[in-house]
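Written below as structure tokens is the structure these notes are about.
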Amino acid sequence: SDVCSSDLIGRSDTEIENRKKNQDREDKINLNSADQELLTRLPGVGPAIADRIIEYRSRYGLFKDVRDVMNVRGIGPKTFEKFAGRITIK
């Protein structure tokens, strides 16, 4: 659900900021439940890496920490930094 600019007319800056923060929170991708299509929305993640994340999950169980995704081949610190703010495990 995109925040439409017409929805924000007459709202205070604080309200707008809070709404954007809530939208960001909703936009986080859960590493423990996302399918390939969702995972490929992350910067630096294509279909092959998305498949490896899913494979890792099925082999080793759910991610216990978001940084554990760096155990997946093809995801190092630089790639992780690109999407760290957009993922969750909850």
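All figures in this text were calculated on a predicted structure; none of them were measured in a lab.
- Residue pairs meeting the ring pair (Phe, Tyr, Trp, His ring centres under 6.0 Å) criterion with at least one member in residues 27-52, sequence neighbours excluded, do not occur.
- Partners of Phe63 by ring-ring contact (aromatic ring centres under 6.0 Å, His included), not counting sequence neighbours, listed by chain and number: Tyr56.
- Remark: Glu81 pairs with no residue by the side chain to side chain donor-acceptor pair (under 3.5 Å) rule, at least two apart or across chains.
- Counting only residues at least two apart or in different chains, side-chain hydrogen bond (donor to acceptor under 3.5 Å, both in side chains) contacts with residues 31-46 comprise Gln36-Asp51, Glu37-Arg41.
- You'll find the side chain of Ile29 reaches within 4.5 Å of the side chain of Leu39, heavy atoms only.
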Given side-chain contact (heavy atoms from CB on, under 4.5 Å), test Tyr60 with Asn71 step by step and report yes or no.
CA-CA 11 Å; Tyr60 300 106; Asn71 294 326; over 6 Å; no

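- The minimum heavy-atom distance between Ile53 and Val72, with the atom names listed, is N-CG1, 4.0 Å.
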Could you give me the CA-CA distance, side-chain angles and deciding distance for Ile87 and Leu42, then say whether side-chain contact (heavy atoms from CB on, under 4.5 Å) is met?
CA-CA 8 Å; Ile87 57 173; Leu42 295 169; 3.7 Å; yes

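- Scored by the side-chain contact (heavy atoms from CB on, under 4.5 Å) test, Pro43 finds Lys82, Phe83, Arg86 as partners (sequence neighbours excluded).
- Residue pairs meeting the salt bridge (charged side-chain N to carboxylate O under 4.0 Å, His left out) criterion with at least one member in residues 60-73, sequence neighbours excluded: Asp65-Arg67.
- Side-chain contact between Thr79 and Ile49 is absent, with no heavy-atom pair separated by less than 4.5 Å.
- Put simply, the side chain of Ile89 does not reach to within 4.5 Å of the side chain of Leu62, judged on heavy atoms.
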